[in-house]
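Quick one: this structure, given as structure tokens, is what I'll be asking you about.
Letters A, B, ... mirror the listed sequences (proteins, then strands); counts begin at 1. Hydrogens, waters and symmetry mates play no part in the numbers below; they use all other heavy atoms, side chains included.
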Amino acid sequence: MARANDEAAALIQELADLLSITGGDAFKIRAYEKAARAIAGHPGDIAELDLAGLRAIPSVGSAIAKKVADYNATGTIRQVEELRLRIPAGVRALTAIPTLGPKKALTVYEELGVSSVDELATAIEEGRLSGLKGFGAKTEENILRGIELMRASGGRVLVDAAASVADEIVAALSALPQVERCAHAGSLRRMRETIGDVDVLAASRDPHPIMEVFTALPVVAEVVAGGDKKTSIRTATGLQVDLRVVPPESWGAAMQYFTGSQAHNIRTREIAVRAGLKLSEYGLFHAGSDEPIVSATEEEVYDRLGLPWIHPTLREDTGEIEAALDGTLPDLVTEADLRGDLHSHTDLTDGTASLEAMAAAAASRGLEYYAITDHAPDLVMQRMTDEKTLAQRERIAELQKEYPGLVLLHGTELNIDPDGGVDWDADFLSGFDVCVASVHSHFTQDQAAMTRRLVRACENPHVHVIGHPTARSIGRRPPVDADWDEVFRAAARTGTALEIDSFPDRLDLPADLIRRAKRFGCRFSIDTDAHSLGHHRNIRYGVGTAQRGWLTPDDVINTWPLPRLRAFLKKT
DNA sequence: GCCGTTTTCGGCCCGACTGTTTTCAGTCG
């Protein structure tokens, strides 16, 4: 499943982690981290590159190129193997505990021989940490807390859970007279698929009362840290929320800074430094005099750095800075570009709303076309039959008369069987306007079998969209194992679209695979896969995922006018 | 370890908060 790029990047990142524990040079560690990102984001296959080719990757010099060549030849990197002998994997795992970094991890390992999270918890309970340099009572308490949190939640929540907490807090704070502006930033604004903590930003000259209201909100279970510029709380579910209050004139610089990512910020600050400037959350300044230049809007800050404004979903240092400098940033697809939705369910199968209610919801979204795609018979528990789906087609034709502005399409969500076949024969399939085909069973086939299965589905002339292609469930089920480059090649060749399923626990295709698929010329369909009326709101997460995959409206078939879409669905 | 029309050596992003400290290291984002 993992490409050479991903495996090599993980090894280089591990090298950085291990060096940070053994006390390696901080700049060297950063160089490894930067190179790891560059290798992971490199479009070509690094397994095919020689030393010169590797060195051509930005941030990869001769030393790292040799290590990657080492990986290409042997499947590992010698320095990583050596450091693994000195630092057990459990010690590296300790740094995942909040408030415990590489320095403290090394101290407990060297002084007490602690090399796992469980051992550390035991050591603290037995009082073996007392007297250790830098470990007071408060530190012990915080570590125990951190371990508890880590065990409870795994540390991250789905994007919709974070969004609802953020929306509630932003609404409450925006109502205060002292607050001039308030918005969320951080990984939620970047639309990452899971969120570690929520960042909220407020502009005000009078922070103190804002902090007081914030820490007293009903959602707050615990105050983690409190100052007048920054306050952190935790909700009852363990989600941390950081509130930063900045002067109104700093709003743009602060939004830029707190949206991140950290890697993107390092790049923008480096550009500032080279231009004799200094960029912080308070603004862009002359380096020598600290004279302010701009700070009110993000656009001004980027502009003064010689860059166009960069969409938050692109800010990961995976090529957006270079694209911005080249003037080749994509014109990203937005929710407003979507004319239709090609995947939805009614109470005929496992949806909870009637056909009529789902159509009404689609109309209120302002859509021009909407496909009803209830499950096909091979998903036996859904009890679909030929008769039921044909009766539904007639009801849709009747209902169509009530919606002059919305074209209702009759479709189905087929099941791709282990050999790549689907539920109905060609003759019956030709009666549908649109067919989504998805993997719903046999998730653990080996890579060769799964690849054949998906390629065969693409080659079926009646399959228009591959639904949630990796079939992952975030935090619960891993993605299926396929040679995705082979699948993408088949999808592009046959004119089969790949779905971007908007369900917060799916977000499937994931953004990194979207970006890869686009390079093969694939098309995409951003769908809700709605099973109820409320699920239509999830479309924002599908759009965010598509944006993180650098998609433009033209890449997405359900932004197209219906005649162009119908021509695509013929798969000629 | 990487990188360069200001540099092939000497830089490398910046600030807030906590806890254990008497001036600062560690962690986080």
Side-chain angles (χ1 to χ4, degrees), chain A residues 12 15-16 19-21 23-38 54-68 79 94-107 129-143 145-146 155 185-190 195-201 207 211 223-232 240-246 250 253-254 256-285 287 290 305 315 317:
Chain A
I12 300 286
L15 193 50
L19 278 175
S20 73
I21 293 170
D25 174 49
F27 294 113
K28 195 178 188 176
I29 292 164
R30 261 190 48 195
Y32 283 135
E33 290 174 336
K34 202 170 169 180
R37 280 196 305 277
L54 290 167
R55 283 204 58 179
I57 300 172
S59 307
V60 175
S62 59
I64 293 178
K66 267 184 72 179
K67 290 180 172 63
V68 176
Q79 289 87 343
L94 292 178
T95 62
I97 302 170
T99 74
L100 194 145
K103 295 290 178 286
K104 286 193 165 67
L106 185 66
T107 302
L129 260 64
S130 61
L132 219 54
K133 181 165 60 86
F135 289 78
K138 203 77 178 160
T139 300
E140 288 184 18
E141 200 181 302
N142 285 337
I143 292 173
R145 267 260 101 112
S187 53
L188 181 58
R189 186 168 178 236
R190 302 201 310 279
I195 307 295
D197 52 38
V198 171
D199 292 292
V200 176
L201 194 60
M211 295 308 190
V223 178
V224 179
D228 263 359
K229 295 190 165 81
K230 174 185 173 182
T231 295
S232 301
Q240 183 168 324
V241 183
D242 296 338
L243 172 64
R244 299 288 298 238
V245 180
V246 297
S250 299
Q256 198 280 329
Y257 176 77
F258 290 113
T259 297
S261 65
Q262 195 171 5
H264 176 88
N265 284 356
I266 289 172
R267 294 296 304 277
T268 51
R269 284 174 183 225
E270 282 170 356
I271 291 171
V273 167
R274 281 200 202 104
L277 309 172
K278 185 184 72 167
L279 181 61
S280 78
E281 56 263 55
Y282 298 109
L284 189 62
F285 303 89
D290 276 355
L305 294 174
R315 300 182 194 172
D317 188 26

5' to 3', nucleotides 22-29 of chain B under a 4.0 Å protein heavy-atom cut-off (B base, S sugar-phosphate only, - none) gives ----SSSB
Need one value for A/Ile266: base, sugar-phosphate or nothing, where a base atom within 4.0 Å counts as base even if backbone is also close, heavy atoms only.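 Here A/Ile266 touches the bases of the nucleic acid.
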A/Lys229 NZ to B/dC17 C1': how many Å, rounded? 11 Å
Residues at least two apart in sequence or cross-chain that pass side chain to side chain donor-acceptor pair (under 3.5 Å) with A/Glu270, listed by chain then number, are A/Arg30
Mind checking if A/Ser62 touches a base, just sugar-phosphate, or nothing, with heavy atoms under 4.0 Å?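 Answer is sugar-phosphate: A/Ser62 comes under 4.0 Å of backbone atoms only.
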A/Lys278 near the nucleic acid: base, sugar-phosphate alone, or nothing, with a heavy-atom cut-off under 4.0 Å?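 Since only primed, P, OP1 and OP2 atoms lie under 4.0 Å of A/Lys278, the category is sugar-phosphate.
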Base, sugar-phosphate, or nothing: which does A/Asp25 touch, judged by heavy atoms less than 4.0 Å apart?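 Result for A/Asp25 = base.
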For A/Ala31, what residues pass the side-chain contact (heavy atoms from CB on, under 4.5 Å) criterion, not counting sequence neighbours? none
Going by a 90° cut-off around 0, is B/dT7 syn or anti? syn
Result block: side-chain N/O donor-acceptor pairs under 3.5 angstrom for residues 96-106 of chain A, not counting sequence neighbours:
none

Hey, which of these two, A/Leu277 or A/Asp228, hits DNA chain B nearer its 5' end, going by closest nucleotide? A/Leu277
Under 4.0 angstrom, heavy atoms only, what part of the nucleic acid is A/Phe27 near: base, sugar-phosphate, or nothing?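 The residue A/Phe27 makes base contact.
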Please report, rounded to the nearest Å, how far the P atom of B/dT20 is from the CG atom of A/Leu132. 12 Å
Given the P atoms of B/dT23 and B/dA16, what is the spacing between them in whole Å? 22 Å
Determine whether A/Phe285 and A/Ser280 satisfy the following criterion, side chain to side chain contact (heavy atoms under 4.5 Å, CB included), listing intermediate values before the conclusion. CA-CA 8 Å; A/Phe285 303 89; A/Ser280 78; 3.8 Å; yes
Euclidean distance, atom CD of residue A/Gln256 to atom P of B/dG15 [Å, nearest integer]: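 Rounding to the nearest Å, CD of A/Gln256 and P of B/dG15 are 14 Å apart.
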A/Arg267 CZ - B/dC2 C1' separation (whole Å): 12 Å
Between B/dT21 and B/dG26, how many Å separate the two C1' atoms, rounded to a whole number? 12 Å
Closer than 4.0 Å, any side-chain N/O of A/Asn142 to the OP1 or OP2 of B/dG19? yes
Using a 4.0 Å heavy-atom cut-off, does A/Gly226 contact any base of the nucleic acid, only the sugar-phosphate backbone, or nothing at all?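 The residue A/Gly226 makes sugar-phosphate contact but no base contact.
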Quickly work out the A/Arg37 CZ to B/dC2 P distance and round it to whole Å. 14 Å
Atom-pair distance (OH on A/Tyr282; C1' on B/dG15), nearest Å: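 Whole-Å distance recorded here is 7 Å.
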By side-chain contact (heavy atoms from CB on, under 4.5 Å) - contacts of A/Lys138 (at least two apart):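 With neighbours one apart ignored, the set is A/Glu141, A/Asn142.
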A/Arg244 near the nucleic acid: base, sugar-phosphate alone, or nothing, with a heavy-atom cut-off under 4.0 Å? sugar-phosphate
Expressed in whole Å, how much space separates the P atoms belonging to B/dC28 and B/dT20?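 Approximately 15 Å lies between the P atom of B/dC28 and that of B/dT20.
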With A/Asn265 via side-chain contact (heavy atoms from CB on, under 4.5 Å) - residues at least two apart: A/Gln256, A/Tyr257, A/Thr268
Which part of the nucleic acid does A/Lys66 contact within heavy-atom distance under 4.0 Å: base, sugar-phosphate only, or nothing? nothing
Between B/dG19, B/dG15, B/dA16, which nucleotide has the shortest distance from any of its atoms to the side chain of A/Ser280? B/dG15
Please write out each protein N/O paired with an N/O of nucleotides 3-7 of chain B under 3.5 Å, distance rounded to 0.1 Å.
residue: B/dC3; atom: OP1; partner: A/Ser59; partner atom: N; Å: 2.7

Between the side chains of A/Arg189 and A/Thr259, does any donor sit under 3.5 Å from an acceptor? yes
Could you tell me how far B/dG11 sits from B/dT6 if I compare only their C1' atoms? Round to whole Å.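 That atom pair is separated by 13 Å.
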Interatomic distance, A/Ile271 CD1 vs B/dC12 C1' [rounded to whole Å]: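 Distance check: A/Ile271 CD1 to B/dC12 C1' gives 14 Å.
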Applying the Watson-Crick and G-U wobble criteria at under 3.5 Å, what pairs with B/dT8? Answer none if nothing qualifies. none
Whole-Å distance between B/dC2 P and A/Lys28 NZ?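 That distance rounds to 10 Å.
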With sequence neighbours excluded, residues passing salt bridge (Lys or Arg N to Asp or Glu O under 4.0 Å) with A/Asp242: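 Result, salt bridge (Lys or Arg N to Asp or Glu O under 4.0 Å) vs A/Asp242: none returned.
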Partners of A/Ala254 by side-chain contact (heavy atoms from CB on, under 4.5 Å), sequence neighbours excluded?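 A/Ala254 satisfies side-chain contact (heavy atoms from CB on, under 4.5 Å) with A/Leu201, A/Val246, A/Phe258 only.
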To the nearest 0.5 Å, what is the distance between NZ (A/Lys229) and CE (A/Met211)?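 It is 10.0 Å, given to the nearest 0.5 Å.
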What distance, rounded to whole Å, do you find between the two C1' atoms, one in B/dC2 and one in B/dT7?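 Each nucleotide's C1' atom is 13 Å from the other's.
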Criterion salt bridge (charged side-chain N to carboxylate O under 4.0 Å, His left out) on A/Lys278 and A/Asp290, from CA distance to verdict: CA-CA 8 Å; A/Lys278 185 184 72 167; A/Asp290 276 355; 3.5 Å; yes
